[in-house]
Each structure stands twice: as structure tokens, then as C-alpha cells.
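The structure under discussion appears below in the form of C-alpha cells.
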Amino acid sequence: MTHSMTEFAGGNTYGEYGGRYVPETLIPALDELEAGWQAARVDADFWREFDELGRTYSGRPTPLTLAERFAPGRRIYLKREDLLHTGAHKLNNAVGQVLLARRLGKQRIVAETGAGQHGVAAATVCARFGIDCVVFMGEEDMRRQQPNVERMGLLGAEVRPVTIGKRTLKEATSEAIRDWITYVDSTYYLIGSAVGPAPYPEIVKGFQTVIGQEAREQILTAEGRLPDAVLACVGGGSNAIGMFAGFVEDADVALIGVEAAEAASTGSGRTAILHGSRSSVLADEWGQILDAHSISAGLDYPGVGPEHALLRDQSRAVYLPCTDEEALAAFRRLTATEGIIPALEPAHALARVGDIDGDLLLVCLSGRGDKDLAEALRALSGLDPTP
Amino acid sequence: MSEQKQIVIYLMAGAETRTLAEAAVEGGADLIEVGFPFSDPLADGPVVRQAGERALAAGMTTDSCLRCVEDIRARIDVPLVPMTYAALLEAYGWERFEADVRAAGASSMIVADLPVDERPTLRRVQLVAPTSTDERIRLGAETTDGWLYLVTLTGTTGARSELSPAFAGLVQRVRALADVALYGGFGISTPEQAAAAAGIADGIVVGSRALQVAADGPGPLRDYVRSLREAIDRAT
């Protein structure tokens with residue numbers, strides 16, 4: 001895999017979205033991060049190490065799987081980020097940002113996590129490099145994602161329960177940022193999605209672009225043409241922005257983001273400021289952030305990365321909602337027809353496949369469902385048993 | 001500095017704020033910060049955050065916060081400075097917010113998550129921190145509205161056991177770069193800390209501890225502010 005040095009170039013704002021709405025205390029740290037990122041971005045050695053770890057540690061490239069029984073009569077390919085080490089695309093970003101943290105000389109990582117996948121990825125890479133790792137996680141998410149809490153502990157990370165507000169990803173992110181403000185000199189904040197103050201959205205996209213680059217090459221090899229549409233679930237939007245990056249210049253490829261119906265910040269949000277950037281957010285008329293709801297902890301977030309808001313405004317990408325019930329049905333269907341248990345997050349994208357025109361579709365299967373078994377089985381027991 | 005050291009007391013906007021502000025001024029406060037609550041206040045520790053949550057739960061909106069400022073203005077003469085987050089201005093309209101807080105009787109405003117180089121046209125009290133570069137301190141001092149808010153520590157608002165050791169160095173750096181009144185805030189709660197901070201700066205800001213005392217009513221708040229005043233006046 002080769003990285004073009006120019007394709008990550010770009011400013012820190014996405015039209016009217018993005019920016020740096022953080023206390024002044026953090027600005028020098030963001031400037032330092034920006035300088036470190038700009039230097040790394042054009043450093044072939046940096047990308048060589050990133051690619052090497054991807055190949056020898058993470059398990060890249062991940063394959064494409066044709067889901068023939070899931071969607072009979074159509075050609076639906078799954079980009080198998082679920083096969084990545086630690087079970088989700090989050091590892092791409094954790095590897096990249098820990099390499100960046102090392103360049104900046106930081107010996108302590110702080111991260112937030114919702115579903116626990118980013119926390120596990122961060123804890124994993126920190127274990128690999130011997131760096132201290134503190135992960136903030138909402139108490140409600142700790143309950144929903146207990147196996148990931150145990151994994152993080154085993155990996156040597158300290159998981160700090162967050163007991164404020166709705167006790168999910170939004171509050172965990174705020175607490176991680178507050179920790180970063182307090183220990184800014186020693187600490188690198190490893191944000192898990194393409195959100196936050198600049199340059200984080202650009203950095204996270206930079207490390208997730210590998211998904212779209214690989215997938216584009218792979219589908220051309222498999223089918224000799226580009227897909228009619230590419231689908232990905234959107235919480236903060238990092239797997240989607242990485243997948244979309246491979247196809248955004250291909251005007252004939254539809255880009256479809258799928259959001260949890262009650263966390264549809266792109267589809268039904270308004271312009272507001274959350275966690276350091278202006279984007280499309282579930283907020284009231286006064287700018288107060290509203291609570292999101294989703295069975296999927298990874299999508300249970302009232303904000304979205306600023307670039308998604310821009311892609312929406314430009315009509316380059318379309319964002320569709322998906323209910324908990326629809327996601328659960330797709331979760332069960334993929335498991336029963338393909339022998340692949342998806343995470344509940346990408347199950348949202350799978351659920352919309354039937355509504356999208358085109359013979360050839362590509363879906364980002366951003367993670368595996370092991371972490372969701374207890375929650376999904378409990379919810380499924382209350383649903384109609386017909387797949 | 002020959003002028004009296006300034007005491008700034010932070011109160012969250014709400015039904016009791018007018019009475020509390022009067023008590024704070026009776027105790028010796030020179031300026032009242034009026035918190036306009038935000039759901040996700042990144043610069044705030046637990047006390048201010050929880051006060052904001054209570055205010056939001058009680059139905060406070062930007063409109064009712066503005067009415068609260070008007071209400072305080074009608075009763076006391078000291079400067080009033082709303083303190084809030086960029087999200088509220090984004091929703092209300094940046095220029096409209098500035099116009100309306102001033103129309104309500106505020107002298108300026110503080111936006112906790114608006115760095116010194118953002119929105120240069122928005123007149124406000126700028127904040128600088130121990131992490132700020134000289135260049136940013138200079139910019140903050142040049143563009144601030146009246147006085148410069150020195151964040152004494154790297155961290156969020158809330159009481160600490162000791163005055164931040166970073167504060168003296170920050171004051172020294174800023175004095176060498178700019179000639180502007182300097183008020184220190186974050187982590188100042190006891191009369192001893194207030195006196196120590198006022199000994200090197202021109203004023204102090206007390207938020208979290210004031211909110212905790214204010215929960216017991218105007219009397220205790222007046223006595224608390226008076227204890228700060230007396231400690232500062234004794235020491236300076």
C-alpha cells in the first residue's frame with residue numbers, strides 16, 4: 001500500500017464546519033499536534049512504519065467478502081475491518097496516532113470510548129509500545145460492553161468510569177478532554193473518531209483512509225469496475241470518512257452514511273459546537289446538546305465529524321437513518337446467511353442495503369459483533385423471530 | 001498598582017442570582033460573572049458543571065440568562081460579565097449575542113472555549129493560561145476588553161489545596177509583555193489563596209467555591225466574600 005503525500009492536504013475547516021473551540025490552555029498543544037502531523041504527513045518513513053504495523057501487527061489488508069446469501073441476486077461486498085486485530089477499524093487510527101504521540105515525545109495517552117472498540121485499540125497499541133493509557137468510558141457503556149472493559153484492563157489500561165449525564169460517549173469525550181487540559185504537558189489525547197478540534201478530524205481521516213484505498217483497489221480487481229454505492233455506518237464517522245475517501249473523487253459512486261435513527265446528527269442535526277468543533281449536532285435552539293439514543297454504543301453520539309456535515313451540504317454523501325430494530329434484524333441476517341457476526345454499528349449500514357439502487361455495492365463492515373452478543377441477544381429475544 | 005485589588009465572583013444565572021449578587025457585592029465583590037449554562041462545559045470542573053446542569057434543568061435559556069443580567073443590573077452597580085461557551089453564541093448569533101448582553105447591562109463577556117485568535121471582532125475578556133506562548137499572551141492582552149483573565153493552572157475550574165505554582169511565573173511573563181490589568185482565576189477558593197494571588201495580580205476570580213457557599217444562601221455568600229476581602233486587604 002502506498003500513500004500519496006498530497007491527498008491528506010487540506011485546511012482545518014470544512015466549509016463552515018470544523019475549527020478549534022477549546023479553552024486557550026489547549027491551543028499550544030493543538031499547535032504542537034498540527035506541526036507534528038504536518039511533518040509526519042509528508043515523511044515517507046512515518047508512513048512506512050504505519051504500513052508495516054498495519055501489515056505485520058493489525059492484519060492489513062483486510063479482504064473483501066462477497067455476501068451472496070445475504071443479498072441474493074445482487075453483488076454486495078463487505079470490507080472486512082471486522083477481521084482486523086482487536087476486531088474493528090479503530091485500530092488503524094490508534095496505530096497512527098500512537099506513532100504520532102511517540103514523535104511528539106508523549107508517554108501518556110488519554111482516550112474516550114463508547115462501544116469500547118477505540119478504548120481497546122488504544123490500550124492495545126499502548127501495550128505494544130509500553131505507553132501509559134487511561135480510557136474514559138461512560139458507566140452505561142461499561143455495562144453494555146463489559147467484555148471490552150475487561151480487555152482494556154488486561155491490556156494494562158486504566159478504565160475510568162464516567163458518571164455524569166447520560167453516561168455514554170459524549171460525557172466520556174468531555175471527561176477525556178478535561179483530563180487532557182489538566183495533564184496537557186505530558187499527555188497525548190487519542191481521539192477515536194473524526195471529530196474534535198482541528199487537526200483531529202483530518203488526522204483521523206488520514207489514518208482511516210487506508211480502508212477506502214484498499215477497498216477501491218480490491219473491488220476493481222474483483223469486478224473490474226467501481227461500485228454503484230458505498231455504505232458505512234456513521235457515529236462520529238471515522239470508518240465512513242475513511243471508506244468515502246477512497247471514492248469521493250469518483251462522482252458516479254454514491255456515498256451513503258447510515259446513522260442510528262435517534263442519533264442522526266447529520267440527518268437531523270443543526271449547526272452547533274460540540275467537543276471543540278462546529279458541525280451538525282443534535283442540539284436545541286439555544287445550542288444545548290441533546291441526548292442521542294442507540295442500541296449501538298458506538299453510534300450513540302449527538303455529534304458527527306465536520307467533513308460529513310460538509311459532504312451532506314454538498315450533496316456528495318447522503319445520510320440515512322436506521323432504527324435499533326432494523327439494525328438488529330440485519331445483525332441476525334448477516335450472521336445467519338454469511339456466518340459473519342457484525343458489530344451492531346455496521347449492522348445499521350447493512351440494514352439499508354435493500355433500499356439502495358445498484359447491482360454492485362460495497363459496505364464497510366467496520367467491526368465484529370462479539371462485544372454485542374449479550375446486548376443483541378437480549379434485544380432480539382424481544383423481537384419477531386423471523387429473520 | 002494603587003487601586004484596590006478586585007474580587008470577581010462567579011454565579012450561575014438563575015432565579016436566586018440577583019439576591020446572591022447583591023450579597024456578594026455587600027461582602028466586597030467588585031465584579032460579578034454571570035454563568036450562562038452550557039450542557040458540555042469543557043473548561044469546568046464538577047461544581048460549575050453541576051450548577052450548569054441544575055440551571056438547565058430549571059429551564060434557563062440564553063433569553064432567560066439575559067433577563068437575569070438585566071435583573072441584576074437593576075439592583076447593583078458593579079460590572080457584570082457573562083461567562084459562557086461558544087455553542088450559545090453560535091446558536092443565538094454571535095453579533096446578536098454581543099449586542100444583547102451589552103443591552104442587558106453587561107460590561108463585557110467571557111467565552112471559555114474561544115481561543116484568543118478566534119473571532120477577533122467579538123469584544124470580550126480574553127483568557128490566557130500557563131501554556132500560552134508569548135505571542136498568544138501579547139495577542140490576548142492587546143485584544144482583551146478591560147482586563148486579562150489569567151488561568152492560574154492547567155486544568156478545569158474548581159478548588160485546589162494550594163495556589164497553583166504556575167501562577168506567579170505566568171503573571172511575571174504577562175507583565176513583561178503587556179500593560180493590562182491581570183485577574184487570576186481557576187483554583188482559588190480560600191482567603192489565604194485569594195490574598196496570595198491578589199498579592200501578585202490585580203484581581204482574583206472565585207467560581208466553584210462561591211457557588212458552593214451560595215447554595216447556603218446570600219448570608220453565607222456575603223460572609224465568604226467578606227473573608228476574601230479582608231484577607232486581601234490585610235495582605236496588600
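Each chain gets a letter, A, B and so on, in the order the sequences are listed, and its residues count up from 1.
B:P41 touches chain A through backbone and side chain together, each having a heavy atom under 4.5 Å away. Only the side chain of A:L274 has a heavy atom closer than 4.5 Å to any heavy atom of chain B. At a 4.5 Å heavy-atom cutoff, the contact between B:A112 and chain A is made by backbone atoms alone. Contact annotation for B:L56: only side-chain heavy atoms (C-beta onward) come within less than 4.5 Å of a heavy atom of chain A. If you measure heavy-atom distances from A:I27 to chain B, the contacts under 4.5 Å come from the side chain alone.
Heavy-atom pairs under 4.5 Å with chain A were tallied for B:P130, B:A86, B:P115; the largest tally goes to B:P115.
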Can you check whether chain B and chain A share any donor-acceptor pairs under 3.5 Å, and give the atom names and distances if they do?
from: A:V22; atom 1: N; to: B:D113; atom 2: O; distance (Å): 3.2
from: A:E24; atom 1: OE1; to: B:V116; atom 2: N; distance (Å): 2.9
from: A:E24; atom 1: OE1; to: B:R136; atom 2: NH2; distance (Å): 3.1
from: A:E24; atom 1: OE2; to: B:R136; atom 2: NE; distance (Å): 2.5
from: A:E24; atom 1: OE2; to: B:R136; atom 2: NH2; distance (Å): 3.3
from: A:T25; atom 1: O; to: B:T131; atom 2: OG1; distance (Å): 2.7
from: A:K170; atom 1: NZ; to: B:D40; atom 2: OD1; distance (Å): 3.0
from: A:K170; atom 1: NZ; to: B:D40; atom 2: OD2; distance (Å): 2.9
from: A:R178; atom 1: NE; to: B:P41; atom 2: O; distance (Å): 3.3
from: A:R178; atom 1: NE; to: B:D44; atom 2: O; distance (Å): 3.0
from: A:R178; atom 1: NH2; to: B:P41; atom 2: O; distance (Å): 2.7
from: A:T182; atom 1: O; to: B:T154; atom 2: OG1; distance (Å): 3.3
from: A:R278; atom 1: NE; to: B:E90; atom 2: OE1; distance (Å): 2.9
from: A:R278; atom 1: NE; to: B:E90; atom 2: OE2; distance (Å): 3.2
from: A:R278; atom 1: NH2; to: B:E90; atom 2: OE1; distance (Å): 2.9
from: A:Q288; atom 1: OE1; to: B:S39; atom 2: N; distance (Å): 2.8
from: A:Q288; atom 1: NE2; to: B:P37; atom 2: O; distance (Å): 2.8
from: A:I289; atom 1: N; to: B:S39; atom 2: OG; distance (Å): 2.9

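Here the closest heavy-atom approach between residue A:G287 and residue B:A91 is recorded as N-CB, 3.3 Å.
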